[in-house]
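See below for the structure under consideration.
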Amino acid sequence: MAVNPLANPKGIKLLCELCQKPALIQCTKCRLTYYCGAEHQNIDWIGIHEKVCQLLIPLRTPIPFASGSEEERKHRKEQQKVRQKQMIELTRTVGQKLLFEGKYEYAIPAAMQSLKFSIDVYGLASIELVPSYLILGEACIGLGRLPQAEEYLSQAQWTVLKTPTCSNAIKSRLYRNIGLLYATQGNSKEALRQFADDIYHSSLEFGTNNISTSGGYFHMANVFFRQNKLDVAFSLYSQVTEIWFDHLNNLVDQRIQEPPPPSGIGPAQIASEKVEFDHLDEAQEAEVVQVLGAILELRENQAVQTPSTMCSIYFTTAMMHLVLNNFEKARIFGTKALESSQAGVTIEESMKNRIEEFLKAVDRLL
């Protein structure tokens, strides 16, 4: 429940966490965050505050100047900066995840938190602010607030232009978001040009067949699909599927390989150490669900379905579900992949064997 701000110390101007209007209510858990009303409190809670409520307490509590020695105060400041950087990473990841899930309204609070902490750590003119601007820009595009999106993207673009050392990764994300803006405005030609720049810079940073680059191919395919250039669109969708197939295949191999036997004899046996797997972060999980789900729907809605193509998207989707620990769905899509492989005369025997091994592994996990 919220409390009346009149209970707070006099002389302190309380502002809403989201809109900076005068605050009327307070979070009763951290007692450090204020809102203009219940609507903004709810949006912030769902978007990011639930995850960071208690983490904000040490970050927003001033360090007493006279407490401890100079060395101790310096250490506390360094620890504070470490926590702030961790908060930047957390809030950006959550914001990006919400974008992939289409929850644009809730992505804004996460992006705003990441922007605030980035300013505190790096200053107002730093390139480190750009990822936050991009999340805000993309959220506004999704909400149809295009003038506001243009403002955020212009700020991001200006910061990139005046930072010669800007990484290709940030440039890639900038061009992708500008491409999304043009695509939303119906300017397909300019959207494709921006997505091409996105792919170019992402390829320089990560490689042409990296999952970070696949998003540019996916958005470019969407533009061609809307233009009814289906051959080009589905060729790009296949490329996206292949990139995710390779990445997920590596993750699946780590999870289904037989564990090494325990060492020692009898009671003295020592179980092998728990194997650490590579994993997808929250944003990557949301991205693969969105991208493969969209491609699968498009493939299944086509009047003519090629067994080899369906086998690929079904098997990639099955591996995705295994990595996400949804073994029932992994089995369903693995079975569909096997059926498609048996219907396709051009599908290699090694692929069929791979799918069969996958299904056996899933059965062991169920």
Side-chain angles (χ1 to χ4, degrees), residues 96 99-102 104 137-138 141-142 144 146 149 171-204 206-249 283-321 333 336-337 340-341 343-344 346-347 351:
Q96 196 64 58
L99 289 179
F100 286 124
E101 292 175 344
Y104 304 113
E138 190 171 342
I141 292 170
L146 301 190
K171 290 179 181 178
S172 165
R173 297 300 304 181
L174 171 64
Y175 293 127
R176 185 173 304 180
N177 280 29
I178 296 174
L180 289 172
L181 178 61
Y182 279 120
T184 303
Q185 293 170 335
N187 188 341
S188 298
K189 181 178 179 181
E190 191 57 37
L192 290 172
R193 189 175 76 83
Q194 296 294 333
F195 290 140
D197 283 340
D198 161 24
I199 293 167
Y200 170 74
H201 287 285
S202 185
S203 297
L204 290 177
F206 305 107
T208 55
N209 295 317
N210 189 279
I211 59 171
S212 296
T213 307
S214 68
Y217 296 123
F218 177 72
H219 290 301
M220 184 176 280
N222 290 340
V223 173
F224 283 120
F225 186 84
R226 287 192 290 269
Q227 291 179 323
N228 205 33
K229 297 178 180 178
L230 301 186
D231 287 346
V232 180
F234 280 112
S235 175
L236 288 167
Y237 287 136
S238 292
Q239 189 167 358
V240 174
T241 303
E242 289 170 9
I243 291 171
W244 276 107
F245 179 97
D246 290 340
H247 189 80
L248 292 168
N249 191 41
Q284 291 169 335
E285 287 181 359
E287 179 180 12
V288 69
V289 169
Q290 181 222 21
V291 168
L292 292 186
I295 295 174
L296 176 60
E297 183 179 359
L298 289 171
R299 291 294 191 186
E300 289 185 327
N301 287 336
Q302 293 303 296
V304 179
Q305 297 176 358
T306 307
S308 59
T309 299
M310 298 311 298
C311 175
S312 177
I313 185 62
Y314 282 140
F315 192 25
T316 307
T317 303
M319 290 192 292
M320 174 193 75
H321 283 300
F333 284 102
K336 288 184 177 183
S340 297
S341 73
T346 61
I347 297 176
M351 173 61 84

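With hydrogens and angles disregarded, a donor-acceptor distance shorter than 3.5 Å links the side chain of Asn301 to the backbone of Glu297.
For the pair Leu248 and Leu292, the minimum side-chain heavy-atom distance is below 4.5 Å. At a threshold of 4.5 Å between non-hydrogen side-chain atoms, the residues Ile295 and Ile313 count as touching. The side-chain heavy atoms of Met310 and Gln302, taken from C-beta on, include no pair separated by under 4.5 Å. With a 4.5 Å cut-off on side-chain heavy atoms, Met220 and Tyr217 do not count as touching. Side-chain contact between Gln185 and Glu190 is absent, with no heavy-atom pair separated by less than 4.5 Å.
To the nearest 0.5 Å, the span separating OG on Ser235 from CZ on Phe224 amounts to 10.0 Å. A distance of 6.5 Å separates CD in Glu287 from CD1 in Ile211, rounded to the nearest 0.5 Å. A distance of 11.0 Å separates CZ in Phe225 from CZ in Phe218, rounded to the nearest 0.5 Å. Rounding to the nearest 0.5 Å gives a distance of 9.0 Å between CG of Leu174 and NE2 of His201. Between the NE2 atom in His247 and the CG atom in Asn210 there is a gap of 7.5 Å [rounded to 0.5 Å]. Atom CG of Leu181 sits about 9.5 Å away from atom CD of Gln194, to the nearest 0.5 Å.
Side chains of Asn222 and Tyr237: a donor on one and an acceptor on the other come within 3.5 Å. In summary, the side chains of Ser238 and Arg299 do present a donor paired with an acceptor at a separation below 3.5 Å, with no hydrogens or angles considered.
In this structure, Val288 and Met320 approach most closely via the heavy-atom pair O-SD, 3.7 Å. The minimum heavy-atom distance between Gln227 and Leu192, with the atom names listed, is OE1-CD1, 4.2 Å. The two atoms that bring Val240 and Ser214 nearest to each other are CG2-O, 3.6 Å, heavy atoms only. Pairing each heavy atom of Ile347 with each of Ser341, the nearest pair is CD1-CA, 3.3 Å. The two atoms that bring Thr213 and Arg176 nearest to each other are O-NH2, 4.1 Å, heavy atoms only. Shortest non-hydrogen contact noted between Ala286 and Glu101 is CB-CG, 4.0 Å.
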Could you give me the CA-CA distance, side-chain angles and deciding distance for Met351 and Cys311, then say whether side chain to side chain contact (heavy atoms under 4.5 Å, CB included) is met?
-> CA-CA 9 Å; Met351 173 61 84; Cys311 175; 4.2 Å; yes
Let me see the working for Asn177 and Tyr182 under side chain to side chain contact (heavy atoms under 4.5 Å, CB included), right down to the final yes or no.
-> CA-CA 9 Å; Asn177 280 29; Tyr182 279 120; over 6 Å; no
Step by step, work out the side chain to side chain contact (heavy atoms under 4.5 Å, CB included) result for Phe234 and Thr309.
-> CA-CA 10 Å; Phe234 280 112; Thr309 299; over 6 Å; no
Steps toward side chain to side chain contact (heavy atoms under 4.5 Å, CB included) verdict (Tyr104, Ile141) = CA-CA 9 Å; Tyr104 304 113; Ile141 292 170; over 6 Å; no
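Under the 6.0 Å cut-off for aromatic ring centres, Phe245 and Phe315 qualify, their centroids lying closer than that.
More than 12 heavy-atom neighbours from other residues, nucleotides or ligands sit within 6.0 angstrom of CZ on Phe206. The environment of CG in Asp231 is sparse: at most 12 heavy-atom neighbours from other residues, nucleotides or ligands sit within 6.0 Å.
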